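Below is one structure, written out as structure tokens; comments come after it.
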Protein chains: 2
Amino acid sequence: MEKRVNQIKQQLSAHNYKLTPQREATVRVLIENEEAHLSAEDVYLLVKEKAPEIGLATVYRTLELLSDLSVIHKLNFGDGVTRYEFRAEGAEHHHHHLICLNCGEVDEIMEDLLTPIEAKVEEEYQFQIVDHRLTFHGVCRRCKEVVADPKKLVGARVT
Amino acid sequence: MEKRVNQIKQQLSAHNYKLTPQREATVRVLIENEEAHLSAEDVYLLVKEKAPEIGLATVYRTLELLSDLSVIHKLNFGDGVTRYEFRAEGAEHHHHHLICLNCGEVDEIMEDLLTPIEAKVEEEYQFQIVDHRLTFHGVCRRCKEVVADPKKLVGARVT
DNA sequence: TCTTATTTGATAGTTCTTTTCATTTAGTTT
DNA sequence: AAACTAAATGAAAAGAACTATCAAATAAGA
């Protein structure tokens, strides 16, 4: 944890930004909730527990800054809010997501399944890939028994 | 064109909706701009040219309706607006997108590259896939010469 | 035709996010 | 250490995208 905070501190100062107490509190919340896909509001509420004087605007600014420095990733699961997730350490680009159309839960696929496809796309479409987003929408293992007809869920909950 | 409008008319009436003049104008705009990934605002402005009396709320409602009936797909490229695209005829789920981080253009990959990966995911994660979203972010063929270091574009323009 | 339900347009309201601006904080220079 | 300069912050206003409300218009059914 301390190591990671320190690493981010260095990334910030490399770009002439400081790790202010507000930024540090935000970073710690993000690290502590690495798996959670927090919205800005979520982060704000969690940071407030540690540092009640922080303002929402600062949280937004910090998230934007960390995103610009590729410390975190912005995600959009189509529910109207931007969510944020730590970039996996050393990962070239981020992992994939499984969104359950029934319960809304978001699970992770940590392995990169796209490498062969990317090679094909770069070749075939003359497109130089920097990053990707891959999301599967469906029914998670926990909801399998509950859902009668998965096709009926198309268009539900997530865009 | 007429054939497709008619087909949609039937899909609507199958669910007890009418193809009103406003809905028809909206549908026609969507068909005419099939490749364009229009936002609601875009659609509104285009429909206004044909039917100036239409209101923005009606456009939103129509897009929502068509989306519910899976006539069109909602897309989210992370620029803050929902975009709409016709569902390819007979396609099980929609195609993939190439987003250029330099010029913002969105190109299409019409072939489905994910079938083998989906089989693996369904098996390995016990997740029943209904649909997917796959987007590659990078530099399009048109911008290749202009962009010196593509990595620098990470975090730019699109979330 | 009369009745009933659907659809619409205008507008007000929400929600999420960004901007503004005065104040605070931190780093630099003397 | 005091004065100066720049960066960062919090509060609140503003903005953008979308949704809900409601009276009027349209269409369908009795």
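Labels below follow one simple rule: chain letters A, B, ... track the order of the sequence lines, proteins then strands, and each chain is numbered from 1. Quick caveat: nothing in here was measured; it's all calculated off a predicted structure.
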Euclidean distance, atom CG of residue B/Asp42 to atom P of D/dA16 [Å, nearest integer]: 15 Å
Ring pair (Phe, Tyr, Trp, His ring centres under 6.0 Å): pairs with one or both residues in residues 17-38 of chain A, sequence neighbours excluded: A/His37-A/Phe77, A/His37-A/His97
Rounded interatomic separation in angstrom, taking NE2 from B/His15 and P from C/dA5: 22 Å
Pairing residues for B/Tyr60 by the side-chain contact (heavy atoms from CB on, under 4.5 Å) criterion, not counting sequence neighbours: B/Ala40, B/Leu56
Atom-to-atom span, NZ of B/Lys9 to C1' of D/dA27 - whole angstrom: 13 Å
Residues A/Arg142, A/Asp107: salt bridge by 4.0 Å N-O rule: yes
Separation of D/dT9 P from A/Leu19 CG (nearest whole Å): 10 Å
With A/Val81 via side-chain contact (heavy atoms from CB on, under 4.5 Å) - residues at least two apart: A/Ser39, A/Asp79, A/Arg83
With sequence neighbours excluded, residues passing side-chain contact (heavy atoms from CB on, under 4.5 Å) with A/Met1: A/Val5, A/Arg28, A/Ile31, A/Glu32
B/S/- contact track for nucleotides 9-28 of chain C, protein heavy atom under 4.0 Å: BB-----SBBBB--------
Whole angstrom value for the distance that separates P of C/dA5 from CG of B/Asn16: 14 Å
Rounded interatomic separation in angstrom, taking CG from B/Leu38 and P from D/dA17: 15 Å
Partners passing side chain to side chain donor-acceptor pair (under 3.5 Å) against B/Lys48 (at least two apart in sequence or in another chain): B/Tyr44
